[in-house]
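The basis for the numbers below is simple: all heavy atoms, side chains too, and nothing from hydrogens, waters or symmetry mates. Order of listing sets the numbers, starting from 1, for every ligand and every atom in it.
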Amino acid sequence: MLKVSDLKKSYGSHEVLKGINLNVATGETVVIMGPSGCGKSTLIRCINRLTEPDSGKIIYKGIEIDQLKEKELLELRKNMGFVFQNFNLIHRLTVLQNVMLGLVKWGWDREQAETRALKVLEQVELRDFVHARPADLSGGQMQRVAIARALAINPDLMLLDEPTASLDPILVGEVLKVMEELTVQKDKSLLIVTHEVAFARRVANRIVLMDQGVIVEEGSPQNIFENPQSWVGRRYKEMIEYH
Ligand SMILES: Nc1ncnc2c1ncn2[C@@H]1O[C@H](COP(=O)(O)OP(=O)(O)OP(=O)(O)O)[C@@H](O)[C@H]1O
Ligand SMILES: [Mg+2]
């Protein structure tokens with residue numbers, strides 16, 4: 001459903017993505033891993049053009065994303081949920097309003113939007129917090145709101161950029177649990193950047209390892225973590241053995 005070919009992005013003379021090729025099939029969960037600064041965020045942000053790529057093709061269900069005009073791009077983003085490391089919630093709005101906002105923006109009437117928002121908040125186990133404001137929530141709860149917001153529109157593709165990286169380790173589990181539940185929904189594809197090795201090993205259909213703007217290795221979790229071919233893969237294998 002998603003096919004990225006020869007994607008390149010530079011900032012000044014710094015070539016951050018050096019020609020990335022990546023496919024994601026319907027229902028597939030792909031986890032992207034790699035050292036800090038290797039270009040993971042840039043890659044997933046280029047997919048829905050939160051970051052503008054310099055060149056390359058991004059084809060999503062037959063649509064050439066790289067060619068879309070601003071208006072078409074906004075329309076396309078209805079089918080893609082994006083979850084950020086730092087949640088990006090609107091602090092003056094309640095949990096319910098945060099989740100409803102996008103739906104109302106997409107033209108849903110308020111009643112429908114509220115019903116849908118309550119349903120996804122239930123899914124992430126936040127039904128009791130719908131009238132709270134983000135400031136009253138823990139980081140894990142805030143991230144679950146952000147996931148509910150991304151889910152609300154029922155996207156085919158979810159892009160998650162280190163959704164647990166800024167959480168207290170005690171709260172990571174509750175967010176991983178919600179994400180794991182998403183991976184079993186076979187109508188959704190997930191592209192997740194994370195350093196959570198145990199999670200990746202358990203839920204990923206495929207692991208993609210990046211280093212310095214290129215994909216250095218990809219394969220099943222078993223292949224990558226047991227018999228890595230790349231330097232990056234060997235580092236992750238060591239991490240597992242150390243634990
Ligand atoms: N807007 C920007 N302007 C200039 N350089 C940038 C910009 N965004 C990213 N970079 C640089 O591009 C490189 C890749 O950044 P990116 O955020 O994609 O890495 P990452 O793999 O997501 O790292 P991390 O694991 O720390 O999140 C880094 O060297 C970063 O400094
Ligand atoms: Mg990043």
Side-chain angles (χ1 to χ4, degrees), residues 2 4-24 29-58 60 65-66 70 73 77 80-89 139-140 142-143 146-147 149-150 157-169 171-172 175-176 179 189-201 203-204 206-219 221 224-225 228 230-240 242-243:
L2 176 73
V4 174
S5 321
D6 203 22
L7 191 72
K8 293 184 181 169
K9 174 71 181 177
S10 295
Y11 289 106
S13 60
H14 182 187
E15 217 182 347
V16 175
L17 299 178
K18 301 174 183 167
I20 298 285
N21 297 298
L22 176 70
N23 293 335
V24 181
T29 298
V30 176
V31 167
I32 304 176
M33 307 180 97
S36 183
C38 71
K40 305 179 296 295
S41 296
T42 306
L43 170 59
I44 77 164
R45 292 174 63 88
C46 279
I47 289 170
N48 68 354
R49 287 178 48 199
L50 288 174
T51 293
E52 280 295 337
D54 296 336
S55 64
K57 287 241 135 302
I58 307 162
Y60 171 70
I65 297 185
D66 49 283
E70 188 65 24
L73 190 57
R77 286 190 188 141
M80 292 189 189
F82 200 101
V83 176
F84 300 86
Q85 180 176 336
N86 60 359
F87 327 131
N88 275 15
L89 299 177
M142 283 198 260
Q143 192 57 296
I147 292 173
R149 178 181 56 187
L157 175 64
M158 299 264 291
L159 305 167
L160 300 102
D161 189 5
E162 297 205 43
T164 60
S166 56
L167 299 180
D168 182 320
L171 303 176
V172 167
V175 173
L176 295 180
M179 294 203 306
S189 306
L190 301 181
L191 189 54
I192 310 174
V193 176
T194 184
H195 294 291
E196 296 292 335
V197 180
F199 169 80
R201 201 169 158 193
V203 309
R206 188 151 44 92
I207 309 273
V208 171
L209 298 183
M210 289 180 66
D211 191 22
Q212 297 184 25
V214 297
I215 291 175
V216 290
E217 186 171 1
E218 63 180 301
I224 297 287
F225 294 131
S230 64
W231 170 82
V232 184
R234 286 193 289 274
R235 291 306 300 271
Y236 282 111
K237 184 177 182 213
E238 281 166 22
M239 268 170 72
I240 292 173
Y242 183 74
H243 271 285

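Both the backbone and the side chain of T42 come within 4.0 Å of ligand 1, judged by heavy-atom distances. Within the 4.0 Å heavy-atom criterion, neither part of Q85 lies near ligand 1.
Remark: minimum distance from atom 12 (O) of ligand 1 to any protein heavy atom is reached at V16 CG2, 3.2 Å. Atom 4 (C) of ligand 1 has Y11 CG, 3.4 Å as its closest protein atom, hydrogens excluded (heavy atom only).
With 2.8 Å as the limit, S41 counts as an N, O or S neighbour of the Mg ion (ligand 2).
Between the Q143 side chain and the P163 main chain, a donor and an acceptor come within less than 3.5 Å of each other. For the pair N48 (side chain) and R77 (backbone), a donor-acceptor distance under 3.5 Å is absent. Using modelled atom types, no side-chain atom of K40 and backbone atom of M210 make a donor-acceptor pair closer than 3.5 Å.
For the residue pair D161 and S41, a side-chain donor N or O sits within less than 3.5 Å of a side-chain acceptor on the partner.
Taking only nitrogen or oxygen atoms, main chain and side chain alike, G39 reaches within less than 3.5 Å of ligand 1. Where the criterion is an N or O separation shorter than 3.5 Å, residue side chain and backbone included, G37 meets it with respect to ligand 1.
Taken from CG in N23 to CD in E218, the straight-line distance is 8.0 Å, to the nearest 0.5 Å.
In this structure the side chain of L191 never reaches within 4.5 angstrom of the side chain of L43, judged on heavy atoms. Under the 4.5 Å side-chain criterion, counting only non-hydrogen atoms from C-beta, D54 is in contact with S10. In this structure, the side chains of F199 and V172 stay at 4.5 Å or more apart for every pair of heavy atoms.
By the definition of a contact as any protein heavy atom under 4.0 Å away, atom 7 (C) of ligand 1 is in contact. Within the 4.0 angstrom cut-off, atom 18 (O) of ligand 1 has one or more protein heavy-atom neighbours.
Distances from atom 24 (P) of ligand 1 to the heavy atoms of S10, S36, S41 put S36 nearest. Checking K40, E15, H195 against atom 25 (O) of ligand 1, the nearest heavy atom belongs to K40.
The atoms of ligand 1 that sit less than 4.0 Å from any heavy atom of E162 are 24 (P), 25 (O), 27 (O).
Residue contacts with ligand 1 do not include M210, since none of its heavy atoms lies under 4.0 Å from the ligand. At least one heavy atom of H14 sits less than 4.0 Å from an atom of ligand 1.
Between Y236 and H195, the angle of the ring planes stays under 30°, which puts this pair in the parallel group of the 30/60° scheme.
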